[in-house]
Amino acid sequence: MSGFSEDMPFFDEPNARPPAPSGIAARAMAARSGHNNAPDYLNGLNPEQRLAVETTEGPVLVLAGAGTGKTRVLTTRIAHILATGKAFPSQILAVTFTNKAAREMKQRIGLLVGEKIEGMPWLGTFHSIGVKLLRRHAELAGLKSDFTILDTDDVVRLIKQLIQAEGLDDKRWPAKQFAQMIDGWKNKGLGPADIPEGDARAFANGKGRELYKAYQERLKTLNACDFGDLLCHPIRIFRANPDVLKEYHKRFRYILVDEYQDTNTAQYMWLRLLAQRPEGAGKSAGAGGKPVSPHVGEMSGRTEGGAQDRGASKDHNGNAGGTAPPSVGSADISPTRGEIGHSSAETRATVNICCVGDDDQSIYGWRGAEVDNILRFDKDFPGATIIRLERNYRSTAHILGTASHLIAHNEGRFGKTLFTEKIAEDDEKVHVHAAWDSEEEARAVGETIEAYQRPDKQGNRHNLNDMAILVRASFQMREFEDRFVTLGLNYRVIGGPRFYERLEIRDALAFFRVVAQGADDLAFERIVNVPKRGLGEATIRQIHDTARALRIPMLEAAEKLAESDELKPKPRAALREVAANFERWQKALETTPHTELAETILEESGYTDMWKNDRSVEAPGRLENLKELIRSMEEYESLRSFLEHVALVMDAEQNAELDAVNIMTLHSAKGLEFETVFLPGWEEGLFPHQRALDEGGRSGLEEERRLAYVGLTRAKKNLHLWFVSNRRIHGLWQSTIPSRFLEELPEAHVDVAESGNSYGGYGNSYGGGSFASGRGGRQNPYGASRFDNVGGNTDGEKSGAFSNTYATPGWQRAQQNRTEATDRNWGSRSGHQVERIGYGETDSGYGAGRTSVKGRTIDGELVAKSVADTPSAFSVGDRVFHQKFGNGNISAIDGNKLTIDFDKAGQKRVLDGFVTGV
DNA sequence: AGACTTGCTATTTTT
DNA sequence: TAGCAAGTCT
């Protein structure tokens with residue numbers, strides 16, 4: 001998808017009046033003025049949807065529940081803006097999270113508006129729009145406009161080099177971990193100067209900050225940036241160059257944001273900069289806080305770019321930039337809650353921003369998404385119109401009722417009540433099944449699928465394509481795959497390793513990258529010795545050192561070395577060849593069509609031969625992938641544009657031709673829908689996942705619950721949940737207890753089945769006891785009381801007689817199991833127990849602040865909803881005691897998460913509730 | 001350079 | 001338990 005044309009004049013008509021309505025626009029207007037009829041594209045919208053489409057002015061938040069026609073609203077709204085002549089396509093900024101969503105929107109707008117309208121140049125992911133901005137203004141971030149975008153792999157390798165260069169032990173300080181830390185900082189819009197002291201100290205013996213700085217400098221010399229920079233650089237550019245920002249203010253008349261609940265802080269800041277117009281001259285400052293809009297004087301010359309200049313300026317003489325500390329102070333760049341409010345007048349007048357999202361489907365908190373962004377919308381944009389889409393077009397009343405009842409257990413939410421008008425008597429309730437272990441679970445699901453596949457009484461049968469198995473963690477997939485293979489049942493796994501992550505693809509891309517951008521050292525290093533040319537570590541080190549010493553790219557250094565006598569004849573000859581190759585290819589870049597060139601490169605480098613001579617099983621597949629890669633290049637105009645899209649866009653298409661069951665994680669199921677959905681693994685520890693609980697406490701639990709909600713709402717007609725009594729975790733069998741979420745389902749819509757139809761066939765082999773663990777008759781501590789109406793629930797169902805429905809023997813045994821397992825479940829089993837704190841140890845009586853409820857601990861009580869709210873009572877340097885790890889010193893604090901260097905146990909991250917001061 | 005051994009870890013994933 | 005990555009030995 002080469003989507004938007006880069007060639008379009010930038011500010012094609014910055015101040016132009018929107019186009020005179022023509023084509024469908026004219027029809028639309030005629031229709032409206034002439035008779036009171038709505039134009040075609042508004043037909044079929046319900047009143048709320050229509051309101052969301054037609055309220056084009058001012059800030060609008062559309063709370064779109066699952067299956068309520070969110071994408072339709074978004075696309076129709078754009079069509080409406082275009083059709084009524086309110087803006088050119090190029091004056092609309094529309095951001096999504098994934099390329100898939102962007103592609104889909106483009107296509108649907110195309111359908112609504114007709115082919116004639118040019119593609120929207122500013123519709124895309126945050127990152128792809130970020131690249132576009134950055135390419136235009138690269139020099140303001142200290143880059144050249146042909147900068148390279150590094151992926152995670154490159155980043156990790158680069159950081160590893162830096163760690164080693166610092167003389168640090170790269171085992172004790174894993175590059176991967178640091179890469180994640182940097183990513184986290186960038187998600188918050190924090191530059192090296194802005195990161196909290198604790199964070200900076202937590203890594204590499206306190207060298208975290210320097211390392212981050214060194215990393216940014218290195219990126220600059222490489223003329224490269226990482227994914228986070230695609231957001232952060234534009235933010236800094238906007239802040240430091242009000243004139244640039246102003247041009248975009250002029251340009252973007254309408255801003256639309258999809259999946260607003262998934263925005264992270266950096267994305268939020270980016271949006272705020274673009275959305276907030278300082279027209280109330282000087283009045284842009286927030287109530288009692290720093291303005292979010294750019295403020296010239298304070299920032300001039302001291303941006304992140306400036307900081308990097310200084311770093312790089314040592315190269316030239318160290319006189320530029322002065323010695324002032326880098327100044328993207330956290331106050332400048334990171335909003336805190338207090339400062340967000342700002343005088344409403346100017347905002348209301350100018351910002352036509354429409355954010356669409358669903359707080360109940362926020363499931364990416366772990367990668368920096370801030371639900372608060374959506375919850376706070378009306379404070380950020382005073383006078384905002386909030387529109388709720390609650391009419392669901394997807395699921396049956398039972399499914400909807402179940403999902404709504406579950407999600408009502410969450411606190412921090414707007415609260416929506418989904419409803420449907422499709423109520424059919426013969427709709428099935430939501431099924432809950434128990435199985436002995438994961439193997440039986442897979443077997444039973446397989447049988448259920450086969451049953452659906454067979455024609456029923458009316459002769460209807462279900463396609464495999466309409467069924468999906470949604471798991472919490474990918475290890476669960478394997479059991480299903482194994483089972484389906486033996487059954488001969490087609491399946492496809494969605495997600496998983498991507499095309500461009502494959503070894504051969506990455507190698508090939510590295511060749512191309514060096515050709516396109518000679519300064520790409522990471523790519524160069526990857527392939528200098530591919531195929532093997534006898535350039536060992538020593539030679540590469542030498543190239544590297546030479547490059548660093550002379551401050552030139554490694555490719556150039558290699559050329560120089562090849563001409564000098566510093567190398568032994570063999571490596572020298574090899575290097576000379578490599579250098580000659582690249583020189584030739586770079587020349588050919590201007591003259592040869594890029595697909596042809598790509599083939600030549602792979603041929604001449606010996607890369608294809610390498611795989612042809614390789615007799616491993618994978619080799620033919622790899623060659624095939626290389627061909628596929630070349631084929632996919634045809635869609636792009638140049639090698640450069642191809643490489644850019646590879647970095648941001650590439651995703652492998654699945655063949656939809658085949659009728660196959662879909663297997664994927666709950667996360668990757670967001671946005672999809674299926675006739676029939678299977679949700680296996682509803683057990684404590686797995687779902688909600690133990691780690692989410694340990695690390696996220698209460699808010700972690702709520703996110704897990706939202707994940708459950710997402711899972712439930714994927715189903716249109718049939719929904720089957722499963723839990724097992726025994727699951728193998730890390731090779732050990734563990735007995736498990738049903739997920740607390742199962743208890744949170746409304747009795748009225750749920751049907752608890754005894755172990756499925758498979759049970760008869762296999763039951764005996766488990767020895768009648770099945771999941772009972774012994775003594776019967778123990779009181780179930782979770783009575784019906786927990787099912788009392790929680791918050792506003794849906795169809796007004798009452799949950800009184802819940803225990804009746806759940807009173808099957810299997811359920812009771814499982815319940816009983818649950819209590820017994822409390823003291824010996826996950827985590828407390830394995831001997832070493834890394835950081836699995838919380839469950840399992842709960843009854844042993846320590847752990848300040850935990851609240852025990854009916855024999856079980858709810859960790860959540862000790863963790864604040866959002867980390868920033870409750871600063872820890874401890875401070876860095878405090879000496880503390882932990883029951884399991886012993887004594888140690890606090891080296892960093894992040895909210896209530898402490899990083900502690902234990903005397904014996906090494907460095908651990910623990911919640912502050914688990915330690916006591918010494 | 002390639003085979004073998006050891007050690008570690010073990011959610012979710014986009015860009 | 002298993003799968004991978006890095007280290008060691010030949």
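Protein chains get the first letters and strands the later ones, always in sequence-line order, with residue 1 at the start of each.
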Interatomic distance at P, C:dC4 relative to B:dT11, whole Å: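 Result for the P pair: 14 Å, nearest Å.
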
By nearest atom, which of the nucleotides [options] is closest to the [X] side chain?
X        : options                : answer
A:His127 : B:dT11, B:dT13, B:dT15 : B:dT15
A:Leu648 : B:dT13, B:dT15, B:dA1  : B:dT15
A:Asn529 : B:dT11, B:dT13, B:dA1  : B:dA1
A:His730 : B:dT13, B:dA10, B:dT12 : B:dA10

Give the rounded distance in Å between these two atoms: [atom1] of [X] and [atom2] of [N].
X        : N      : atom1 : atom2 : value
A:Arg691 : B:dT11 : CZ    : P     : 7 Å
A:Phe227 : B:dT13 : CZ    : C1'   : 12 Å
A:Lys176 : B:dC8  : NZ    : P     : 16 Å
A:Phe475 : B:dT9  : CZ    : P     : 18 Å
A:Asn187 : B:dT13 : CG    : C1'   : 12 Å
A:Glu695 : B:dT12 : CD    : P     : 13 Å
A:Ile729 : B:dA10 : CD1   : P     : 14 Å
A:Phe687 : B:dT12 : CZ    : P     : 13 Å

Derivation and outcome, ring pair (Phe, Tyr, Trp, His ring centres under 6.0 Å), residues A:Trp366 and A:His689: CA-CA 13 Å; A:Trp366 52 273; A:His689 200 281; over 10 Å; no

Any side-chain N or O of [X] below 4.0 angstrom from OP1/OP2 of [N]?
X        : N      : answer
A:Asn99  : B:dT15 : yes
A:Ser474 : B:dT12 : yes
A:Thr665 : B:dT13 : yes

Lys/Arg N to Asp/Glu carboxylate O, [X] vs [Y], below 4.0 Å:
X        : Y        : value
A:Arg698 : A:Glu702 : yes
A:Asp258 : A:Lys70  : yes
A:Asp262 : A:Lys670 : yes
A:Arg706 : A:Glu703 : yes

A:Trp366 aromatic ring stacked with six-membered ring of B:dT12, 5.5 Å and 30°: yes

Aromatic-base stack, A:His689 on B:dT11, cutoff 5.5 Å, angle under 30: yes

Distance-only donor-acceptor test, A:Arg472 side-chain atoms vs B:dT12 base atoms, 3.5 Å: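 When only heavy-atom distances are counted, A:Arg472 does reach the base of B:dT12 through a donor-acceptor pair under 3.5 Å.
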
Contact nearer the 5' end of DNA chain B, comparing A:Gly731 with A:Gln180: A:Gly731

Heavy-atom side-chain contact between A:Glu259 and A:Tyr364 under 4.5 Å: no

Residue of the set A:Ile149, A:Val131, A:Leu150, A:Val155 for which side-chain contact (heavy atoms from CB on, under 4.5 Å) holds with A:Phe227: A:Ile149

Grab the N/O contacts between the protein and nucleotides 3-8 of chain C below 3.5 Å, and write none if there aren't any.
{"from": "C:dG3", "atom 1": "OP1", "to": "A:Arg478", "atom 2": "NH1", "distance (Å)": "3.1"}

Donor-acceptor pair, side chain of A:Glu441 and main chain of A:Gly681, under 3.5 angstrom: yes

